[in-house]
Amino acid sequence: MTPSAVASPDWQRIRSDFPVLRREIDGRPIVYLDSANTSQKPESVIDAMASFMREGYAPINRSAYRLAAAATDAYEGARSKVARFINAARPEEVVFTRNATEALNMVAQSWGRKNLRPGDAVVLSHMEHHANIVPWQMLVDQIGIELRFIPLTDDGLLDLDGLSALLDGARVLSVTAMSNVLGTINPVERLVAAGRAADCMVMIDACQSVPHGITDVQAWGADFVAFSGHKMLGPSGIGVLWGSSEQLELLPPFLGGGNMIDDVRLDGFTCAPVPAKFEAGTPAIVEAVGLGAAVDYLESVGMANIRRHEMGLTRYAIDSLRARYGDDVVIHGTDNVELRGGVLSIAFRDIHPHDLSQVLDESNVCVRAGHHCAKPLMRLLGANATVRASLYLYNDRSDVDALVEGLDGASDIFGL
Amino acid sequence: MTPSAVASPDWQRIRSDFPVLRREIDGRPIVYLDSANTSQKPESVIDAMASFMREGYAPINRSAYRLAAAATDAYEGARSKVARFINAARPEEVVFTRNATEALNMVAQSWGRKNLRPGDAVVLSHMEHHANIVPWQMLVDQIGIELRFIPLTDDGLLDLDGLSALLDGARVLSVTAMSNVLGTINPVERLVAAGRAADCMVMIDACQSVPHGITDVQAWGADFVAFSGHKMLGPSGIGVLWGSSEQLELLPPFLGGGNMIDDVRLDGFTCAPVPAKFEAGTPAIVEAVGLGAAVDYLESVGMANIRRHEMGLTRYAIDSLRARYGDDVVIHGTDNVELRGGVLSIAFRDIHPHDLSQVLDESNVCVRAGHHCAKPLMRLLGANATVRASLYLYNDRSDVDALVEGLDGASDIFGL
Amino acid sequence: MPGLEDLYREIILDHYKNPRNRGELPEPAISVEGHNPLCGDEITLYLDVADDVVRDVKVSGQGCSISQSSASMMTQAVIGRSVTEVRAVIRRFKSMMAIEEDGLEATDAEISLGDLEALQGVVKFPVRIKCATLSWNTLIQALDEAG
Amino acid sequence: MPGLEDLYREIILDHYKNPRNRGELPEPAISVEGHNPLCGDEITLYLDVADDVVRDVKVSGQGCSISQSSASMMTQAVIGRSVTEVRAVIRRFKSMMAIEEDGLEATDAEISLGDLEALQGVVKFPVRIKCATLSWNTLIQALDEAG
Ligand SMILES: Cc1ncc(COP(=O)(O)O)c(C=O)c1O
Ligand SMILES: Cc1ncc(COP(=O)(O)O)c(C=O)c1O
């Protein structure tokens, strides 16, 4: 992806870049398998933030002294890095938000309230995260729009057979690029094309895809793309809304206050240009610096390498689980690792996921047990909860082995 | 304020706790006089954030393993610290936002769209920051409410003579506790009482006051109080909305997504209890930890001590400027340091503030030149811009001296 | 770190595998839903109160060993008791779970929780306290609805 | 670090203290407002174009030495020129300010900026570039409105 990315990274060295993974609890290392939830941070990100606070912290966009000008450069430099990372046409197309959730809400509210009328249809999918459902449900209450959901096939892919019927007369198509429960990687370009053909505004929730592979928003051609910093080795407290220049120009501001204005009089205000228009108040300056460092780190490893690494590990995980437990383990979603990322939602021998994760935690295996903020999908799967193990660049086979081994411990306790 | 606060802090040691202030540019120390804009961070805050990312980073409220449970405790622990710091009745009354701006918008939008009807009046003051003006102006467009502004006296205090007339028939009173331009400290309790008497919802923008003195939201008795972490030694990317339990219970959610729900079905959602209801998506976890450390630091110094320190410095600054420059310097606002904080907006010998700050920057004196996100107030003062020097616990007389000295350099260049 | 044996006591696993009073009650019994948003557990609690006495309680839905066993033991502990007694049991249980509530009464300490004492180990696993208290909070709601 | 003398050249201070073409123009001259949100500067630019020639420009409002002197020198550089020439001057000035714009034309380099060259030092103070370009951006808007 970038010239600096090496052909074949040293994954052991990479693992050692993450301080939390060097920690031990009860004399055993931490097996972190919850990256779909939030990712660990490499030294370089932690150091970038700490150094910035130690040496360069200052306000941005407001004051003119050198320290403030340098801080502004650092903040805008991070914007440029993110823009390049997702191949945005211009840095101004990158808006910093608190997280993906805020980005999705911003579009639902600002675009939605401007453009949607009672009865208008918004098409989502049955595998969406709550962050791409609830904001639209709020518009159901506020405006009276109608929601439609793309159904799923038995192996957890989007069932696109009826897509054009669903899109017929719809105004919006908003879909995830990758499921945070099933791991399914959706065909974004095909979805965007279908949305375009139906004259829909198209938004992509790229929370799970951006951290794990190459992203090219220009190739995607959507109107908006949302993702979070904390899932891509960056700090908490920062997310991204990418929008095409055209759409951002038309989008009304979401929050009002400092930085987003051109002028304010007692009787009204005018807006600053994009992207300041969408960044009201003092932004997450330190966090932007951290996110910039995260992008640098990811690029130095290479996104294609990361995807390959995770594909291999996912294959290994599926095969190991099946070899050891056969039909006693259910892995939701497709078995085809070309079509899925490293997110494995599993059910095991009638043991409740919460109990499973508790037992796994005994051996420091960190997995999420629950509904993964995707309750409609869970209902479809017929499960209140699953155990979800999710992989990232810092994981290796030993982590998978610890997971597989740990499940047996649960059988012992529950006699199942 | 707290048992651990010492009677008379060692201000030199305190100053040395702030790494940026130990830096030199061109062999001279940085004279940071822009804390009303954003504050520097002590080692303890930087370390708390870095250590958390090194040793304890994990998702909160979602996963059940020990690392995640500890992270949740750290996050909720920070909420409790903030609650105690402002004397909230319960930690649940503290909602973490991105910044004060988001907190103010949240109330304007969520409370306002639920409760305000066309023609309803909202009372602000003429000294508000854009963050407490623009959100209401957006409601003027969206709902058709009317805005009224409390006027100012000649020495920059709120002119409360006509307050009851202004409040007559109004639904909302939203006022700053302290002006970020004039330094004026407003009589919050009196304002709240007047608002209550007029049956108004009362919000206080406490951005400038919380970092610099004792805050007691229970004594204030308002419905909502907003402030930012980055102005009180905490990191960027986090702010606080305090609301009375009663009001937060009634307030509709602002953003939809993970964490803020109790249940989601395809046809609708129900909300989680307060405060999760207002914290959609992955929050600023690391930043909450940093803010908690900032509160610890402030309490260890003692807010009453900080207020006293700044009062003394403000007095010294006013006196030094007047002694040296007489009528050539205009200091906006009241001369009475009992009624003002350490924010000095000045005009000097017809030299444009931008030029002044440029020249001051030559001697590393960092001040803000501009409208300070308070353009309506600036118009009232008859200035496009001022130079604003603002003080905090880490400043001392040498900083003031550098400012006073630096102004003379500007005279040299501009021959004024 | 406490071991898992503190959590998964035999009696708990027994109630988990063989839950008592599982099922539904027909109207006019009150039914209330409870969620644990953390783990996705959902239960429905049915309550039949007459003359200030809890005549029957049934619980349906899914959950982990802790939430299910807690619900099962709870039904045993409250069926047949007066509403006042049941409220005392609830207070006593919550205090065992280290949940501070207003209004713990002096006499509550005398109430025996029987099998429920086995859940004491949960306190050492704070995340699981919400599992243990799910059915109890749902019961409180149902009692409130019963007036 | 460049010294302040690079920024505050004598000619700049002269234009600042004695701004040329200050004031207003009556209608039908076009008037456009410009803001620099960073420092609060506000100017109004009046433009009189006829037969594709910039006949007169006046600027009112307040600003710092850089924005005011830049506006003053700009008026001198554009009054009397054809709109096409003026647009070339603008491109040339912006390129001196290190602002990359599409469409810089080969011939632009030949255009002399006269006094305006004194503003070259501003490039070393990036924050001040917005001051220097305020009147220019306002002029572009006015030209666009003039059609
Ligand atoms: C009085 C006042 N209100 C609101 C704000 C907005 O704070 P923030 O930019 O952190 O949202 C500020 C500071 O910029 C302020 O001084
Ligand atoms: C697919 C998807 N969308 C949206 C989100 C929300 O992200 P955040 O919580 O960072 O706002 C997540 C992660 O939680 C996710 O996995």
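None of the values given here were measured: they were computed from a predicted structure. Per chain, numbering begins at 1; letters A, B, ... match sequence-line order.
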**Student:** Just so I know, are the side chains of C:His15 and C:Gln76 near enough to count as touching, which here means a heavy-atom distance under 4.5 Å?
**Tutor:**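 The answer is yes; the side chains approach within 4.5 Å.
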
**Student:** Taking side chain as everything from C-beta outward and backbone as N, CA, C, O, which of these in A:Ala369 sits under 4.5 Å from a heavy atom of chain C? Side chain, backbone, both or neither.
**Tutor:**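 Contact with chain C: backbone only.
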
**Student:** For A:Phe414 and C:Tyr8, I'd like to know if the aromatic rings sit close, meaning centre-to-centre distance below 6.0 Å.
**Tutor:**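 When the ring centroids of A:Phe414 and C:Tyr8 are compared, they turn out to be within the sub-6.0 Å range.
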
**Student:** Using a 6.0 Å cut-off, check whether atom CD of A:Glu24 has over 12 heavy atoms from anything other than its own residue.
**Tutor:**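 Result for CD/A:Glu24: enclosed.
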
**Student:** Report the option among A:Met378, A:His371, A:Gln358, A:Lys375 that has the most heavy-atom pairs separated by less than 4.5 Å from atoms of chain C.
**Tutor:**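 Among A:Met378, A:His371, A:Gln358, A:Lys375, the one with the most close pairs to chain C is A:Gln358.
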
**Student:** Could you please spell out the steps behind the side-chain hydrogen bond (donor to acceptor under 3.5 Å, both in side chains) verdict for A:Thr38 and A:His230?
**Tutor:** CA-CA 6 Å; A:Thr38 195; A:His230 68 91; 2.7 Å; yes

**Student:** Among C:Cys131, C:Cys64, C:Gly63, who wins on heavy-atom pairs under 4.5 Å with chain A?
**Tutor:**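 Looking at each option in turn, the highest pair count goes to C:Cys64.
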
